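Okay, structure first, notes after.
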There are 2 protein chains.
Amino acid sequence: MSMTQTTPRTDAVTGRQRILDAAAELFLTLGYAETSLRTIADSVGIRAASIYHHFENKDALLLEILEIGMAAVEAAFDDAAEQAPTDPALRLERHIAGHLEALFAHHAFTAAHVTVFPFAPPTVRTSAVAARDAYESRWTELLGEIAPHLDPDALRIARLALFGAMNSSVQWFDSSTSSTDDLAERIASTVAHGMLSTRGAS
Amino acid sequence: MSMTQTTPRTDAVTGRQRILDAAAELFLTLGYAETSLRTIADSVGIRAASIYHHFENKDALLLEILEIGMAAVEAAFDDAAEQAPTDPALRLERHIAGHLEALFAHHAFTAAHVTVFPFAPPTVRTSAVAARDAYESRWTELLGEIAPHLDPDALRIARLALFGAMNSSVQWFDSSTSSTDDLAERIASTVAHGMLSTRGAS
DNA sequence: GTCTATATTCTGATAGAC
DNA sequence: GTCTATCAGAATATAGAC
């Protein structure tokens with residue numbers, strides 16, 4: 001059920017995938033309600049009615065985009081968890097880098113979780129929220145291990161603030177001119193040792 | 001742009017203000033395009049056509065909401081700048097607390113800058129962007145003084161990550177059950193000394 | 001799989017009465 | 001300042017031909 005975004009075999013991009021790509025990009029740029037099916041169809045080079053051959057309705061299209069984005073960050077978390085350096089600061093940096101890499105490698109799909117999810121129709125939000133919660137739980141656990149001195153309240157705030165910092169980057173970071181690894185290192189260094197520390201500031 | 005109708009009423013809450021309040025709340029909850037003028041009118045208890053007596057059109061309504069929100073955070077920055085503790089960490093904390101207080105005291109108006117601004121019509125975004133840039137410049141200057149060891153690139157990332165962390169709180173922080181001062185202290189402590197430091201924990 | 005044609009509903013906005 | 005009435009356009013979605 002979940003396979004879409006990687007590289008299966010051929011370079012042939014199906015009509016279905018082209019619709020997903022175009023819709024994700026447009027939802028992110030213009031917003032969900034602001035993007036009509038006609039606009040998506042125009043971008044693909046088909047008619048709006050043809051979209052209904054591939055998707056039940058507009059909501060289902062958005063939901064699938066959110067699911068693809070969630071799968072991408074989950075996979076990145078798995079990768080980072082396999083490396084698992086023993087040094088806490090390094091371990092944190094690997095996970096931050098993984099999250100950011102996923103954020104920009106599948107940009108329109110993952111970024112949709114940041115900006116379009118809050119305004120998604122309630123039914124779509126409800127369908128997508130379980131996967132989001134699961135991902136957040138993994139981070140809570142991770143941060144709890146890395147910073148065991150923090151109480152649950154502080155842990156929750158730290159996680160949400162870190163998410164806010166990382167995710168906001170989809171609105172200001174240009175991955176075509178800068179490296180996500182570099183961004184990850186800078187964010188991780190600040191989160192780990194603080195802005196006032198001169199550690200890691202070359 | 002002469003959007004102030006000549007209505008020197010002395011009423012506590014004018015019809016105009018009630019429209020602004022309702023619209024700000026609805027834009028934030030449902031989104032701009034998702035909120036119709038009829039929905040706003042219903043919330044106020046009037047008809048949609050009556051809104052046009054107070055505002056030129058829907059875009060003008062959003063723009064004024066964004067301007068009110070920007071004025072609120074600017075005022076908070078002024079207040080924090082007047083106090084200006086000499087200790088860098090304390091100075092940072094005062095400004096973070098000011099930003100957060102403004103964020104929740106005028107919640108719907110300031111939060112609109114976080115979530116609805118990105119999807120605002122291009123003309124509205126263009127009109128609002130100058131004030132936003134000015135506010136960001138003040139923060140860049142502040143952070144440059146607090147952390148003089150950071151190069152411009154690192155400074156930009158630090159500022160944007162801090163904004164991301166602070167502003168994301170409108171989506172997860174409940175100011176009716178927790179104090180913004182407490183939140184500010186925790187975020188400031190992390191930003192200043194890092195998550196891995198035990199300084200200021202508990 | 002994509003098309004044309006269309007049904008239905010909702011949108012922002014205007015005109016003019018009170 | 002708010003109302004009723006209405007417009008013109010755009011939206012999602014469906015039916016059925018090719």
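Naming convention: chains lettered A, B, ... in sequence-line order (proteins, then strands); numbering from 1 in each chain. Atom set for the values below is all heavy atoms of this structure, side chains included, hydrogens, waters and symmetry mates excluded. Quick caveat: nothing in here was measured; it's all calculated off a predicted structure.
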When you get a sec, tell me which of D:dG1, C:dG1, C:dT4 is the closest nucleotide to the side chain of B:H53?
D:dG1
Name all residues meeting the side chain to side chain contact (heavy atoms under 4.5 Å, CB included) criterion together with A:L196; count only those two or more places apart in sequence or in a different chain, and write none if there are none.
B:P88, B:A89, B:I146, B:A192
Nearest-Å distance, CG (A:L30) to C1' (D:dA11)?
15 Å
Residues in side chain to side chain contact (heavy atoms under 4.5 Å, CB included) with A:T126, at least two apart?
none
Run the side-chain donor-acceptor check on residues 157-165 of chain A: report pairs under 3.5 Å with partners two or more places apart or on a different chain.
residue : atom : partner : partner atom : Å
A:R159  : NE   : A:T140  : OG1          : 2.7
A:R159  : NH1  : A:E136  : OE1          : 3.4

Presence of B:S50 side-chain N/O under 4.0 Å of D:dG1 phosphate oxygens OP1/OP2:
no
Sugar-phosphate means primed atoms, P, OP1 and OP2; the rest is base. With that split, encode nucleotides 12-18 of chain C 5' to 3' as B, S or - using protein heavy atoms under 4.0 Å.
BBBB---
Rounded to whole Å, CD1 of A:I51 lies from C1' of D:dA11 at a distance of 13 Å
How long is the line joining CG of A:D42 and P of D:dA10, in whole Å?
13 Å
Applying side chain to side chain contact (heavy atoms under 4.5 Å, CB included), can you list everything that pairs with B:A75, at least two apart in sequence or on another chain?
none
Taken to the nearest 0.5 Å, the spacing of B:L155 CG from B:H149 NE2 works out to 9.5 Å
Residues that B:A71 engages under side chain to side chain contact (heavy atoms under 4.5 Å, CB included), provided they are two or more places apart
none
Nucleotide D:dA15, atom C1' - distance to CZ of A:R47 in whole Å:
17 Å
